[in-house]
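Only one structure is covered here, and it is reproduced in the block below.
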Amino acid sequence: MEKITMEKMVNLCKQYGFIYQGSEIYDGLANTWDYGPLGSRLKNNIKDAWRKRFVQDNKNSYELDAAILMNPEVWVASGHVSSFSDPLIDCKECKSRYRADKLIEEFSEGKETGDGWDNEKLKKYIRENNIPCPKCGKTNFTSIRQFNLLFETHMGVTEDTKNKVYLRGETAQGIFVNFMNVQRSMRAKVPFGIAQIGKAFRNEITPGNFIFRTREFEQMEYEFFCKPGTDLEWFKYFEEYCMRFLKDLGIKEENLRLRKHKPEELVFYSKGTTDIEYNYPNGFGELWGIADRTDYDLTVHSNHSGKDLKYLDPETNEKYTPYVIEPSVGCDRLLLAVLCDSYEEETLEDGSTREVMHFLPSIAPYKVAVLPLMKKYHQEKAEEIYNMLSKEFMTSYDETGNIGKRYRRQDVIGTPYCVTIDEETLNNNTVTVRDRDTMEQVTIKVDELVDYIKEKVRF
Ligand code: GAP
């Protein structure tokens with residue numbers, strides 16, 4: 001199947017109400033995007049699926065919703081203030097600005113990522129390989145400077161350094177600083193996990209590729225606290241757990257791959273990191289990062305705050321700082337993967353084409369559409385059935401245009417089931433239910449319709 005281009009995806013998302021350019025009527029604000037009626041439903045459904053798998057399905061998992069603004073000392077302790085930065089390089093000729101590591105990654109077609117390299121090593125690689133500026137083709141670059149990605153703002157009425165705060169650069173820190181609160185209030189026993197979904201902000205040097213890299217985005221992070229020595233086992237477990245979740249979400253196996261970080265790429269506190277990459281329209285890119293963060297986070301917060309963050313094992317009386325395995329996925333990147341993976345331009349037997357979004361039914365924005373065959377005769381009964389279905393599911397109602405065109409519209413927005421109301425409905429209280437993927441229709445009694453759909457849209 002041919003891959004959809006990013007440009008086509010951006011247009012399709014706008015046309016059908018998935019995603020719009022941010023602040024569009026003011027000519028936009030670079031790389032900001034607003035989720036429309038269908039996009040926000042899809043995103044919520046993806047979050048619900050993640051929440052089900054990472055919180056509900058595990059009795060030792062707890063969800064948290066921490067504040068975006070935190071005491072700035074959190075970011076000093078975590079190392080973000082001193083070293084949450086990317087290597088910035090400018091082309092002296094055309095003034096284009098790049099991330100030096102990404103310049104190398106693109107030039108080497110992914111063979112080198114530049115992850116974990118210092119400025120010296122990055123500069124040497126660029127010089128020795130004569131990497132040209134992708135825009136003007138010249139090889140005249142500035143030196144590399146580190147650019148901190150934290151967004152700063154001020155709390156209160158005066159803007160001085162005393163009341164400087166940061167928009168969180170990741171949701172994870174909200175979890176680490178609440179480790180003791182959750183452990184004590186929930187009487188949680190190690191191993192246990194804390195999950196959080198929320199916005200994160202990074203002043204990215206080169207945002208782009210639609211919603212792949214933006215300055216405001218959402219993360220779904222899971223911090224799993226385990227006994228030191230058991231961490232590598234859990235790390236493996238979560239690699240498989242995350243991969244299974246993606247496949248269960250309907251993402252095709254051939255579009256996913258694991259990339260294990262080489263030892264020289266690892267951040268200093270990490271014992272191991274694996275990325276799950278998805279084959280986006282512009283090639284494979286990081287979707288999900290799974291890291292063994294050791295006891296780094298709890299140790300630095302304990303040292304910096306002066307609070308004891310050690311866990312006392314009630315059975316053995318052992319006191320230790322738990323290790324952390326962290327599967328962290330970007331909600332927007334996952335949504336983009338779902339959109340790209342679900343889209344198909346299908347050639348039908350009669351030679352015409354139809355565009356379809358093959359969303360897994362449980363995450364589709366609308367689960368079902370109610371379509372009266374002829375508005376004049378079937379509208380009243382259709383509204384009755386719409387009222388019945390909409391109590392249970394997100395239901396679309398469309399009575400405008402010919403039935404074929406209405407089916408096509410539901411196909412492209414990914415509605416898995418279309419219920420047609422016709423003379424049979426009036427005479428026998430039955431409806432036809434059309435399956436989006438096979439286009440086959442079955443006759444169902446109205447009384448059995450809710451249960452029929454319910455069974456099909458469960459995750
Ligand atoms: N707590 C670990 C952490 O934040 P990360 O690899 O920097 O790790 C985790 O981010 C995930 O968040 C990434 O795998 C990606 O899916 C998503 N992400 C990171 N930066 C992003 C950005 N600028 N725009 C959209 N998603 C982003």
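Just follow the structure's listing: the first ligand is 1, and inside any ligand the first atom is 1.
- Considering backbone and side-chain atoms alike, V329 places every N or O at 3.5 Å or more from each N or O of ligand 1.
- Checking Y222 against S61 by side-chain atom types alone, a donor-acceptor pair falls below 3.5 Å.
- With hydrogens left out, the protein atom closest to atom 25 (C) of ligand 1 is F212 O, 3.1 Å, a heavy atom.
- Among all non-hydrogen protein atoms, the one lying nearest atom 15 (C) of ligand 1 is R333 NH1, 3.5 Å.
- When heavy-atom distances to ligand 1 are checked against a 4.0 Å cut-off, R215 has no atom that comes that close, whether in backbone or side chain.
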Determine all donor-acceptor pairs shorter than 3.5 Å in which one atom belongs to a side chain in residues 263-271; sequence neighbours excluded.
residue : atom : partner : partner atom : Å
E265    : OE1  : T113    : OG1          : 2.7
E265    : OE1  : R259    : NH1          : 3.1
E265    : OE1  : R259    : NH2          : 3.3
E265    : OE2  : R259    : NH1          : 3.4
E265    : OE2  : K262    : N            : 2.8
S270    : OG   : G272    : N            : 3.2
S270    : OG   : G272    : O            : 3.1
S270    : OG   : T273    : OG1          : 3.0
S270    : OG   : D292    : O            : 3.4
K271    : NZ   : D231    : OD2          : 2.9

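- Both the backbone and the side chain of S328 come within contact range of ligand 1, each with a heavy atom under 4.0 Å.
- In this structure, F54 and F245 have perpendicular ring planes: the angle between them is above 60°, well past the 30° mark.
- A donor and an acceptor atom, one from each side chain of E346 and T353, are nowhere located under 3.5 Å apart.
- Residue-ligand proximity, E170 to ligand 1, at heavy-atom distances under 4.0 Å covers atoms 1 (N), 2 (C), 3 (C), 4 (O).
- Between the side chains of N279 and K3, a donor-acceptor pair is found at a separation under 3.5 Å.
- Within the set R202, E326, E204, the minimum heavy-atom distance to atom 4 (O) of ligand 1 is found for R202.
- Nearest protein heavy-atom contact of atom 18 (N) of ligand 1 is F217 CE1, 3.6 Å.
- Taking the side chain as every heavy atom from C-beta outward, K123 and E128 never approach each other to under 4.5 Å.
- Counting the atoms of ligand 1 from 1 in the order shown, those under 4.0 Å from a heavy atom of E286 are 6 (O), 13 (C), 14 (O).
- Among all non-hydrogen protein atoms, the one lying nearest atom 17 (C) of ligand 1 is G330 CA, 3.6 Å.
- Partners of F393 according to the ring pair (Phe, Tyr, Trp, His ring centres under 6.0 Å) rule, which considers only residues two or more places apart in sequence or in another chain, do not exist here.
- The contact set between ligand 1 and A172, taken as ligand atoms under 4.0 Å from a residue heavy atom, comprises 1 (N).
- Protein heavy atom at the shortest distance from atom 24 (N) of ligand 1 is T214 N, 3.1 Å.
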Side chain to side chain contact (heavy atoms under 4.5 Å, CB included) assessment of E73 paired with N71: CA-CA 5 Å; E73 290 306 314; N71 187 312; 3.4 Å; yes

F151 and Y166: CA distance, side-chain angles, deciding distance, ring pair (Phe, Tyr, Trp, His ring centres under 6.0 Å) verdict: CA-CA 6 Å; F151 268 104; Y166 304 101; over 10 Å; no

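- Using a 4.0 Å cut-off between heavy atoms, E277 makes no contact with ligand 1 at all.
- Among all protein heavy atoms, the one lying closest to atom 10 (O) of ligand 1 is Q219 NE2, 3.4 Å.
- Ligand 1 places these atoms under 4.0 Å from at least one heavy atom of R293: 1 (N), 2 (C).
- In the model, N178 has a side-chain atom that pairs as donor or acceptor with a side-chain atom of N181 under 3.5 Å.
- Listed by number with element, the atoms of ligand 1 under 4.0 angstrom from any heavy atom of E221 are 1 (N), 2 (C), 3 (C), 4 (O).
- Within the 3.5 Å criterion, the main-chain N or O of E204 finds no donor-acceptor partner in the side chain of R213.
- For ligand 1, the polar-atom distance check against R213 finds no nitrogen or oxygen pair separated by under 3.5 Å.
- An N or O contact shorter than 3.5 Å links L287 to ligand 1 by distance.
- Every atom of ligand 1 is numbered from 1 in the order shown, and the set under 4.0 Å from a heavy atom of G289 is 14 (O).
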